[in-house]
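Position 1 is the first residue of the sequence, and the numbers go up from there. Scope of the values below: all heavy atoms of this structure, side chains included, with no hydrogens, waters or symmetry mates.
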Amino acid sequence: MDEATDPASFVTRLAAATNAHDLDALVNCFADDYVNETPVHPAQGFTGAEQVRRNWTQLFAGIPDIRALVLNTAVDGAVVWSEWELSGTRRDGEPQLMRGVNIFTVAEGRATSARFYLEPVEHNSVDADSAAARVAAPGSRPVPRP
């Protein structure tokens, strides 16, 4: 496997395109029929590189200084697990910070699928005891998002 098709190199290229705000290079990291699964928010899953383009057009416009940091990766064949931090300032002046893991399947240097677990960081969240009690309570509902 050469550097252009290595899954770890894919993550490096994706982060570089994100940090350069190079929309075309970013979209080119994804296969045309790319499938994004978002297990925590199933309705947010999608298919196609054009949706990647629409998503990142909004992110670059709404968070003009967005930066990506890849904290860690692990590769198993065509699959790369990657831990990400995305940070920046929204147009309204509020800081935006997201952290999580994306699990990409890569073929010929492009993502063909991902399981996406990147979420906004909640600074005013409940503590561990309260969160566990809320989940375990009869009739419990998920912890509300801000």
Side-chain angles (χ1 to χ4, degrees), residues 1-92 94-126 128 130-132 134-136 139-146:
M1 186 175 302
D2 65 28
E3 186 173 311
T5 60
D6 174 58
S9 294
F10 156 80
V11 170
T12 301
R13 284 190 352 274
L14 180 57
T18 302
N19 290 334
H21 293 209
D22 186 336
L23 184 61
D24 290 331
L26 188 148
V27 173
N28 193 47
C29 290
F30 297 87
D32 292 341
D33 58 351
Y34 165 74
V35 176
N36 179 293
E37 293 179 65
T38 308
V40 178
H41 307 285
Q44 294 176 19
F46 63 89
T47 299
E50 281 309 308
Q51 184 65 52
V52 172
R53 179 178 298 281
R54 287 192 299 273
N55 291 351
W56 279 96
T57 296
Q58 290 185 63
L59 289 168
F60 287 150
I63 311 167
D65 63 345
I66 193 168
R67 298 285 302 163
L69 177 62
V70 179
L71 302 171
N72 222 330
T73 60
V75 177
D76 182 17
V79 176
V80 59
W81 291 61
S82 51
E83 182 181 5
W84 292 78
E85 179 176 286
L86 295 177
S87 61
T89 306
R90 296 188 323 226
R91 291 234 177 252
D92 65 4
E94 288 296 314
Q96 177 66 33
L97 178 61
M98 296 179 73
R99 291 185 178 134
V101 172
N102 292 321
I103 306 164
F104 293 102
T105 301
V106 179
E108 299 178 7
R110 299 170 84 193
T112 58
S113 67
R115 292 179 59 82
F116 190 85
Y117 298 95
L118 195 62
E119 294 286 329
V121 173
E122 297 177 355
H123 294 286
N124 298 320
S125 184
V126 298
S130 298
R134 188 177 291 172
V135 169
S140 68
R141 307 196 81 191
V143 175
R145 305 201 60 78

| field | All side chain to side chain contact (heavy atoms under 4.5 Å, CB included) counterparts of Ala132, not counting sequence neighbours | value | none
| Can you name the side chain to side chain contact (heavy atoms under 4.5 Å, CB included) partners of Arg99, sequence neighbours left out? | Glu85, Leu97, Val121
| query | So do Trp81 and Val75 actually touch side chain to side chain, heavy atoms under 4.5 Å? | reply | no
| query | Would you say the side chain of Phe60 lies within less than 4.5 Å of the side chain of Leu26, judging by non-hydrogen atoms? | reply | yes
| remark: Rounding to 0.5 Å, atoms CZ (Arg53) and CD (Gln58) come to a distance of 13.5 Å
| request: Determine whether more than 12 heavy atoms belonging to other residues, nucleotides or ligands lie under 6.0 Å from atom CH2 of Trp56. | output: yes
| If you draw a 6.0 Å radius around CG in Asp76, do more than 12 non-hydrogen atoms from other residues or ligands fall strictly inside? | no
| request: Would you mind reporting whether Gln96 and Ile66 have side-chain heavy atoms less than 4.5 Å apart? | output: no
| query | Quick one: does Ser130's side chain have a donor or acceptor within less than 3.5 Å of a partner on Val126's backbone? | reply | no
| task | For the residue pair Ser113 and Glu37, establish whether any side-chain heavy-atom pair is separated by less than 4.5 Å. | result | no
| said: Just so I know, are the side chains of Ser82 and Phe104 near enough to count as touching, which here means a heavy-atom distance under 4.5 Å? | reply: yes
| said: Measuring only between side-chain heavy atoms, which start at C-beta, is Val40 closer than 4.5 Å to Phe116? | reply: no
| request: Go through the steps to decide whether Ile103 and Val79 satisfy the test side chain to side chain contact (heavy atoms under 4.5 Å, CB included), and finish with yes or no. | output: CA-CA 7 Å; Ile103 306 164; Val79 176; 3.6 Å; yes
| task | State, without any angle test, whether Tyr34 and Asn36 hold a side-chain donor-acceptor pair at a distance under 3.5 Å. | result | yes
| query | Do Tyr117 and Arg115 pass the side chain to side chain contact (heavy atoms under 4.5 Å, CB included) test, and can you show the C-alpha distance, the side-chain angles, and the key distance before you say yes or no? | reply | CA-CA 7 Å; Tyr117 298 95; Arg115 292 179 59 82; 3.0 Å; yes
| In this structure, which one of Val80, Asn72, Val106 forms a side-chain contact (heavy atoms from CB on, under 4.5 Å) with Val11? | Val80
| task | Answer whether the closest heavy-atom distance between the side chains of Glu83 and Asn102 falls below 4.5 Å. | result | no
| request: Look at the side chain of Arg13 and the backbone N and O of Gly109, then say whether any donor-acceptor pair between them is shorter than 3.5 Å. | output: yes
| request: Report yes or no: does Thr112 contribute a side-chain atom to a donor-acceptor pair with the main-chain N or O of Ala107 at less than 3.5 Å? | output: no
| query | Would you say Thr89 and Ile63 make side-chain contact, with heavy atoms under 4.5 Å? | reply | no
| field | Which atom of Asp33 lies closest to which atom of Thr47, heavy atoms considered | value | O-CG2, 3.9 Å
| Looking only at atom types and distance, does a side-chain atom of Asn19 sit under 3.5 Å from a main-chain N or O of Ala68, one as donor and one as acceptor? | yes
| said: For Phe30 versus Arg110, what's the shortest heavy-atom pair and its separation? | reply: O-NH2, 2.7 Å
| Which pair of non-hydrogen atoms, one from Val70 and one from Ala15, has the smallest distance, and what is that distance? | CG2-CB, 3.8 Å
| request: Working to the nearest 0.5 Å, report the span between CZ of Phe10 and OG1 of Thr105. | output: 10.0 Å
